[in-house]
Amino acid sequence: MESATAFYSGTEVIQRSISVDDTLTIKAGNVHSVYEISQCLQFINSNEFKKVALQFPDELLGDSGAVIKALEEGTTAKIFVLADTSYGSCCVDEIASQHANADCIIHYGSACLSPTSRLPVLYVFGQQPVDVAHCYDQIVKCSQDSEEPVLLMYDVVYAHAIDELERLLHSTHPGVIVSKVNASPSTSSNSYRASDAVKPTPLDDEHTSKDLSQDKDNSSSLLSKDNITDSSLSVDNTATNSASSQCHFGRTFTLADNCTIDDYAVFYIGSEGRTLTNLMMTFNKCPFYTYDPRTQIYRRETLNVNRALMKRYYLVEKGKDANVVGIVVGTLGVRDYLAVIAHLKEIIKKAGKKSYTFLVGKLNVAKLANFMEVDVFVLVSCPENSLLDNQEFYKPVLTPFEMELACNRAREWTGDYVTDFRQILPGASKHVPLPADNTPSETDVSLITGNLRTLGTDDDTESSGVDAKAVVARDNMTVTTHTSAGEYLAGRSWRGLEQDLGNTPVTKAVEGMKGIAAGYANETDEGTQV
């Protein structure tokens, strides 16, 4: 009977409230400035949009009513707020917007800046407070503490203060490189400030980060609008006009001549979170210094990146051991997600493994626990949402880069880490072609189980028409049986609902139970039906 205390009564379920961090909500008088209402109206009216979708993260939903009221005073367009996003709030939810036939999206709050492909998007990061003078002092201190030159990066919610910081640094510390937020870095889309929404200036190969640094618009809004006629696969995340001009995760910067990013120390403005983790994993050879404007604390990050990388390499070994791989679709808005799913299917098949694709919405432990026949999962998501803590999940969850390390014999582990799945696609800077089809399979020893494992398939095995359930000899040393998730499912005692058409008698519909599961209307206090 003690376990009954773990359940709620009907009254408690109805009255239970959900706590949401509302510390970021603002006063009504600041709505126009923080949410840049004038620029949003310019974006809507100049493009003659009729239906506008607003996307807020949970912590800013408290301001959504005031934002809508302010926008409706300056436009006749129909404005609505998207409900709970299909995936992470940092990604633009184009699917939900298309369900409502929206003409465009205005995305508020922090964003991962992953390129989109369906609808015009206006990013409004907001203007979280930051003490520019105090932050400047910490950057100067960082440049004195570090032996390397300094590269300044920041959370997008502090983008409004970067121009002022850059002016201060230019006069005293010109060697500090300041990155610029860019809504869509690929060459297949137009990216420009919201103030230029009427006459956009495309960001092409000749529009480098130097040009961006000369833009003194203090707006923290950015517009991303894709070319409708472009059919090419654009996957490179690096501007190629100059060898030193680079763009990573929507941040553009120009390095000094004959220098790489590994030669710099990174000064990051923002609090701990997925953005910082993503940057530290990607630029794992750079020392990181952080400044949190909320607490005004400056420190050098002591995260053991090497230990974190070894944990990720452990997942690569689990991927090599796996026979059945589940590809989990964690985004429907990031450009080229279909291309990377097709790429994963190809490399998994050539590695001699089975793959299944899952579309489960927001990821949680309970959803993936339903598929125990799957050995490992691969999450196709934006860079900031792909690095999951695997301690809670029953089966490992890998990134596309880790799965390619496990399946592509031509790719070797060098310590470099890729979180943007678009970088491993053909044509991208981190792409490694698969071995030729006639390359024989390889056998090695698992570092986890100590058992022999085989990577790849032999042509003679595929062409011989061997039954999927037959036992096949390999190299006169070992034998293996071809298994699949279907055989695992066939061995289950419960296999899901079955229609059993033609064998079920037709009966009249009857009135069912009323109420909630914790206590139906026709149940007594003892739990028996009346």
Taking the side chain as every heavy atom from C-beta outward, state whether [X] and [Y] have any pair of such atoms under 4.5 Å apart.
| X | Y | value |
| --- | --- | --- |
| P115 | R422 | yes |
| C91 | C112 | yes |
| F371 | Y356 | no |
| Y158 | Y291 | no |
| L425 | H431 | no |
| D292 | R299 | no |
| F249 | L279 | yes |
| L54 | L82 | no |

Item to check | Partner residues of K320 under the salt bridge (charged side-chain N to carboxylate O under 4.0 Å, His left out) criterion, sequence neighbours left out | outcome: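 If we apply the salt bridge (charged side-chain N to carboxylate O under 4.0 Å, His left out) test to K320, skipping adjacent residues, the hits are E317.
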Next on the checklist: D321: which residues meet the salt bridge (charged side-chain N to carboxylate O under 4.0 Å, His left out) condition with it, sequence neighbours left out?
Outcome noted: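 Result, salt bridge (charged side-chain N to carboxylate O under 4.0 Å, His left out) vs D321: R453.
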When rounded to the nearest 0.5 angstrom, what is the spacing between [atom1] in [X] and [atom2] in [Y]?
| X | Y | atom1 | atom2 | value |
| --- | --- | --- | --- | --- |
| F401 | M281 | CZ | CE | 10.0 Å |
| E392 | L388 | CD | CG | 9.5 Å |
| I348 | N408 | CD1 | CG | 12.0 Å |
| N278 | L276 | CG | CG | 9.5 Å |
| I327 | S355 | CD1 | OG | 4.5 Å |
| I44 | Q39 | CD1 | CD | 12.0 Å |

Donor-acceptor under 3.5 Å ([X] side chain, [Y] main chain):
| X | Y | value |
| --- | --- | --- |
| D336 | A339 | no |
| R335 | T116 | yes |
| S64 | L60 | no |
| K353 | A322 | yes |
| H32 | I37 | no |
| E94 | R118 | yes |

Side chains of residues 68-81: which donor-acceptor pairs under 3.5 Å do they make with residues two or more places apart or in other chains?
from : atom 1 : to  : atom 2 : distance (Å)
T75  : OG1    : N45 : OD1    : 3.0
T75  : OG1    : A77 : N      : 3.2

Restricting to non-hydrogen atoms, name the atom on [X] and the atom on [Y] that form the minimum distance, rounded to 0.1 Å.
| X | Y | answer |
| --- | --- | --- |
| L113 | G250 | CD1-O, 3.6 Å |
| E404 | I347 | CA-CD1, 3.7 Å |
| M153 | F283 | CE-CE1, 3.7 Å |
| D155 | R251 | CA-NH2, 4.3 Å |
| L315 | P396 | CD2-CB, 3.8 Å |
| V360 | K367 | O-NZ, 2.7 Å |

Next on the checklist: Please list all pairs meeting ring-ring contact (aromatic ring centres under 6.0 Å, His included) that have one or both residues in residues 308-335, counting only residues at least two apart or in different chains.
Outcome noted: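 Checked against ring-ring contact (aromatic ring centres under 6.0 Å, His included) - neighbours excluded - the pairs reaching residues 308-335 are Y313-W413.
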Do [X] and [Y] have their ring centres less than 6.0 Å from each other?
| X | Y | result |
| --- | --- | --- |
| H343 | F421 | no |
| Y268 | Y154 | no |
| F49 | F43 | yes |

Next on the checklist: Applying side-chain contact (heavy atoms from CB on, under 4.5 Å) to Q127 and E36, what does each step give before you reach the verdict?
Outcome noted: CA-CA 9 Å; Q127 299 179 2; E36 305 181 34; 3.7 Å; yes
Next on the checklist: For a side-chain contact (heavy atoms from CB on, under 4.5 Å) check, start with the C-alpha distance between V365 and Y394, then their side-chain angles and the critical distance, and finish with the verdict.
Outcome noted: CA-CA 7 Å; V365 176; Y394 293 99; 3.7 Å; yes
Donor-acceptor pairs are to be reported for all side-chain atoms of residues 98-109 against protein atoms at under 3.5 Å, with residues two or more places apart or in another chain.
from : atom 1 : to  : atom 2 : distance (Å)
D103 : OD2    : K50 : N      : 2.8
D103 : OD2    : K51 : N      : 3.0
H107 : NE2    : S89 : O      : 2.9

Checklist entry - Given the rule in the side-chain contact (heavy atoms from CB on, under 4.5 Å) test, do Q296 and D131 qualify, once you have shown the distances and angles that lead to the verdict? => result CA-CA 8 Å; Q296 293 191 337; D131 188 337; 3.4 Å; yes
Next on the checklist: Go through it in stages, so that I can follow the logic: the residues are Y35 and D63, the test is side-chain hydrogen bond (donor to acceptor under 3.5 Å, both in side chains), and I'd like the CA-CA distance, side-chain angles, deciding distance and then a yes or no.
Outcome noted: CA-CA 9 Å; Y35 289 99; D63 296 333; 2.7 Å; yes
Donor-acceptor pairs under 3.5 angstrom involving side-chain atoms of residues 374-387: please list them, not counting sequence neighbours.
from : atom 1 : to   : atom 2 : distance (Å)
D375 : OD2    : N323 : N      : 2.8
D375 : OD2    : V324 : N      : 3.0
E384 : OE1    : T275 : OG1    : 3.2
E384 : OE2    : T275 : OG1    : 2.9
N385 : OD1    : R274 : NH1    : 2.1
S386 : OG     : P383 : O      : 3.1

Checklist entry - Under the side-chain hydrogen bond (donor to acceptor under 3.5 Å, both in side chains) criterion, do Q128 and H160 qualify, and how do the steps go? => result CA-CA 8 Å; Q128 295 303 315; H160 64 96; over 6 Å; no
Checklist entry - More than 12 non-hydrogen atoms from neighbouring residues, nucleotides or ligands closer than 6.0 Å to NZ on K311, yes or no? => result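 Atom NZ in K311 is not packed in, count stays at 12 or less.
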Item to check | Within 6.0 angstrom of K395 NZ, more than 12 heavy atoms from elsewhere | outcome: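 For K395, atom NZ is crowded (more than 12 foreign heavy atoms under 6.0 Å).
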Item to check | Derivation and outcome, side-chain contact (heavy atoms from CB on, under 4.5 Å), residues S38 and Q42 | outcome: CA-CA 6 Å; S38 60; Q42 181 184 10; over 6 Å; no
